[in-house]
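The analysis underlying the following values was restricted to heavy atoms, covering all of them including side chains, and did not include hydrogens, waters or symmetry mates. These numbers were taken from a predicted model, which means no experiment stands behind them.
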Amino acid sequence: MSREKKKNEYFDAFLEKEILTANRYDGSAGETEGEQKEGLRYEDAGIDGRILRAVKELGFEHMTPIQEQAIPLFMMGRDIIGQAQTGTGKTAAFGIPILQKINPENRSLQAVILCPTRELAMQAADELRKFAKYMNGIKVLPVYGGQEIYKQIKNLKTGVQIVVGTPGRVMDHMRRRTLKMDQVHTVVLDEADEMLNMGFREDIETILGEMPEERQTGLFSATMPKPILDITKTYQKDAAYVKMTPKEVTIPLIKQAYYQVRKQDKEEVLCRLIDYYTPGRALIFCNTKRMVDELTEHLKGRGYEVEGLHGDLTQGQRDTVMNLFRSGRTNILIATDVAARGIDVSDVEAVYNFDVPEDIEYYVHRIGRTGRAGKTGRSFTLVVGREAYKIRDIERICHTKIKERKVPSAADITARKAEKILKEATAVIENEDISKATEYILDAVALGQYSATQIAAAFMKMKLGDEIEDIRAEKFFFEKKPFQGGRGGKGGRSDGRTGRKGGDGSRSGYGKKPGGWSSDKNKGGYGIRGGKDGEKSKGSYDNKNNSRNEKSGFSNKGEKNRDKGKFANGKPKDVRRDGSAAYKRESDFEPRYGGLRIKTKFD
């Protein structure tokens, strides 16, 4: 099987898992109430009553597909390999069984959950605390880089049964002997593929190597590359494979478009798309931390409410940014792919790919942030030059169609801004007292210098700002290999109809004269070497009688007279090995692959 075919099959499997897994989690989007198929009830799974009470308070009655398959197996003590995306409820799939196994009277560490990022670790720890709300004596602690380690050590000394952390910080605590693994009975690797992508493989193997041999291991991953399978073979025993098979793919719910732009226009195009579509909440993705910082600064300078998120921010800064975005005080978040991993924010209306992602999987993860729970979303990708080929790859591998669109014109943007301003003004008229403002306008009109319409237009102009111009269109044409004219191989037929060095100086092939063979200045046709610049080709049709030699069908005149009189102005620029003259190197018209003749539509 070819490498390309294997890659396509792998991505088909990956794409299948990128289905709208939130439809059950968020309320079974895409299904009518009569058609909705409810999962197993939590009450029927033999779950502790205290956990059930907390789950009901959170508003959950039925399990998601991954929970329905994983929870019973996990509670039986089986090792689990789970394939599921963020947002499918998999935290509960391993969290509820872990809580059920914890002994509150034992203050030692009993379970470790590894996550790739600080945000995911904090999010998972919060979920576990919610499920353990009525289980007295159980403590859950997130440990991650960016937080002062002495605070974590202080908390660990009080007795913590469950630690949720990033591999690096867990390793730090193991070196300091502040985490003792001798009584750990359960280990979970959450988002395992992302941890490997971030270079945590050695840390993961070191941590697992320190665990007791008699333990339960759960591994959850969006994809199952070979390194993940290697870990499962080495550190799991008789693992049960649990795979999400949801019904509705995310991509069809998202309107995807791309725009071909010049590099220097990307920021302006991004702003125009934001102004034109005015999403209530949006994510902008960049490939580098530096670009996140630069774009955040520039958009703030333009008056947009934006914040940036990437791995170089301190934990306090990251928490502040996420709180602003979740609360709606910031409606646009600019992030790198890794920093945005695990961010679970509802009602994201649009995703802007300021940079085309390097990895096609990241594209699916990015646009999957919108269009959830049956709601439609939009994705916009800015493409520069040859990046258009990446769009074609995404379409081919993801089995989707990304429409090319034109950047909204200056007139469209201005009209949309004016419409927004008028809506805001209407809301003020309907909901606020404008009597005092009306008096000011009437006083100004009474002066007789300007009308009320002119004053209103001036306010509109002030809100609209400076006039903008249309952005120059950028069009990248996909290259198609042109048919290369010229002589074929030995004994082959040359073709001079491609227009390449056409006219009287065509290298070889049929001449310009319709219905006939080449003229004196365009000798080609059959033979070993096509004629050039009026030369008679060896073995070409004889020009005198324009007919085949009866004996052999071809002219057999000697080569020594072939170039006679052709170079009246002196020595030719080049000489062939046989002594014949040529203006171009032999390589310019010799077949590149020896005698190989390539068949074309012109043959």
Do the side chain of Asn353 and the main chain of Asp355 share a donor and acceptor less than 3.5 angstrom apart?
-> no
Checking side chain to side chain contact (heavy atoms under 4.5 Å, CB included) for the pair Leu333/Val321: CA distance, chi angles, key distance, verdict?
-> CA-CA 8 Å; Leu333 180 66; Val321 167; 3.5 Å; yes
Tyr259 vs Phe380 side-chain heavy atoms within contact, under 4.5 Å | yes
Arg302: side chain to side chain contact (heavy atoms under 4.5 Å, CB included) partners, not counting sequence neighbours | Glu267, Glu268, Cys271, Leu299, Tyr304
Non-hydrogen atoms of Ala350 and Thr370 that approach each other most closely | N-OG1, 4.0 Å
Nearest 0.5 Å, what's the CG-OH distance between Leu189 and Tyr235?
-> 10.5 Å
Does a salt bridge link Asp275 with Arg416, judged by any charged N lying under 4.0 Å from a carboxylate O?
-> no
Result of checking Ile394, Thr400, Ile402, Ile254 against Ile367 for side-chain contact (heavy atoms from CB on, under 4.5 Å) = Ile254
What residues form a side chain to side chain donor-acceptor pair (under 3.5 Å) with Thr178, not counting sequence neighbours?
-> His173
Nearest-0.5 Å distance that lies between atom CD in Gln123 and atom CE in Met322 = 8.5 Å
Between Asn106 and Ser108, the two heavy atoms sitting closest are OD1-N, 3.0 Å
From Ile98 CD1 over to His185 NE2, what is the distance, rounded to the nearest 0.5 angstrom?
-> 8.5 Å
Check Ile51 against Ile96 and note the closest heavy-atom contact, atom names and distance.
-> CD1-O, 3.9 Å
ring-ring contact (aromatic ring centres under 6.0 Å, His included) contacts in which one or both residues fall within residues 137-172, not counting sequence neighbours | none
Worked check of side chain to side chain contact (heavy atoms under 4.5 Å, CB included) between Val187 and Ile113 | CA-CA 6 Å; Val187 182; Ile113 301 168; over 6 Å; no
Contacts of type side chain to side chain contact (heavy atoms under 4.5 Å, CB included), residue Glu213, not counting sequence neighbours = none
When you measure from the side chain of Gln317 to the backbone N and O of Thr314, does any donor-acceptor pair fall under 3.5 Å?
-> yes
Output yes when Glu61 and Lys56 qualify as a salt bridge under the 4.0 Å nitrogen-oxygen rule, no when they do not.
-> no
Determine, step by step, whether Gln152 and Arg169 satisfy the side-chain hydrogen bond (donor to acceptor under 3.5 Å, both in side chains) criterion, reporting the C-alpha distance in whole Å, the side-chain angles of both residues, the deciding distance to 0.1 Å, and the verdict.
-> CA-CA 10 Å; Gln152 296 173 1; Arg169 183 50 63 97; 3.1 Å; yes
Hey, does the side chain of Asp337 reach the backbone of Phe285 with a donor-acceptor pair shorter than 3.5 angstrom?
-> no
Does the Arg107 side chain pair with the main chain of Gly137, one donor and one acceptor, at a distance under 3.5 Å?
-> yes
Polar side chain donor-acceptor pair, Tyr363 to Glu358, under 3.5 angstrom | no
Carboxylate-amine/guanidinium contact Asp172 Arg175, below 4.0 Å = yes
Output yes when Lys90 and Glu191 qualify as a salt bridge under the 4.0 Å nitrogen-oxygen rule, no when they do not.
-> yes
How about Phe200 and Leu114: do any of their side-chain heavy atoms sit closer than 4.5 Å?
-> no
In terms of side-chain heavy atoms, does Gln110 have a donor or acceptor partner in Gln183 at a distance below 3.5 Å?
-> no
Should the pair Asp48-Arg50 be classified as a salt bridge under the 4.0 Å nitrogen-to-oxygen rule?
-> yes
Side-chain touch Ile231/Leu196, heavy atoms, less than 4.5 angstrom = yes
What distance do Glu43 atom CD and Arg41 atom CZ have between them, rounded to the nearest 0.5 Å?
-> 4.5 Å
Exam field: side chain Gln100 to backbone Gly46, donor-acceptor pair closer than 3.5 Å = yes
Of all heavy-atom pairs between Val164 and Ala121, which one has the smallest distance, and what is that distance?
-> CG1-O, 3.5 Å
Could you note down all residue pairs passing salt bridge (Lys or Arg N to Asp or Glu O under 4.0 Å) where residues 222-231 supplies at least one of them, sequence neighbours left out?
-> Arg201-Asp230, Lys226-Asp230
Measure up the Phe94 and Phe220 rings against each other and bin them: parallel (under 30°), tilted (30 to 60°), perpendicular (over 60°).
-> tilted
The reported gap from NE2 in His298 to CE in Met291 (rounded to nearest 0.5 angstrom) is 9.0 Å
Do Thr186 and Lys101 get their side chains close enough for a donor-acceptor pair, meaning under 3.5 Å?
-> yes
Identify the residue among Asn331, Leu324, Leu313, Asn323 that makes a side-chain contact (heavy atoms from CB on, under 4.5 Å) with Glu307.
-> Leu324
Contact summary for Val306 and Thr296, nearest pair of heavy atoms = CG2-O, 3.7 Å
Kindly confirm or rule out a cation-pi arrangement of Arg281 over Phe325, judged by NZ or CZ under 6.0 Å from the six-membered ring centre and within 45° of its axis?
-> yes
Answer yes when Arg378 and Glu349 have at least one side-chain N-carboxylate O distance shorter than 4.0 Å, and no when they do not.
-> no
Given side chain to side chain contact (heavy atoms under 4.5 Å, CB included), test Val112 with Met211 step by step and report yes or no.
-> CA-CA 10 Å; Val112 174; Met211 297 290 177; 4.0 Å; yes
Would you say the side-chain atoms of Asp79 and Gln216 include a donor-acceptor pair closer than 3.5 Å?
-> no
Can you see which heavy atom on Glu68 is nearest to which on Met63, and at what distance?
-> CA-SD, 3.7 Å
Salt bridge (Lys or Arg N to Asp or Glu O under 4.0 Å) contacts touching residues 284-298 (sequence neighbours left out) | Lys289-Asp312, Arg290-Glu294
Is any side-chain heavy atom of Ile80 less than 4.5 Å from a side-chain heavy atom of Val188?
-> no
Is it true that the side chains of Arg318 and Thr320 contain a donor and an acceptor less than 3.5 Å apart?
-> no
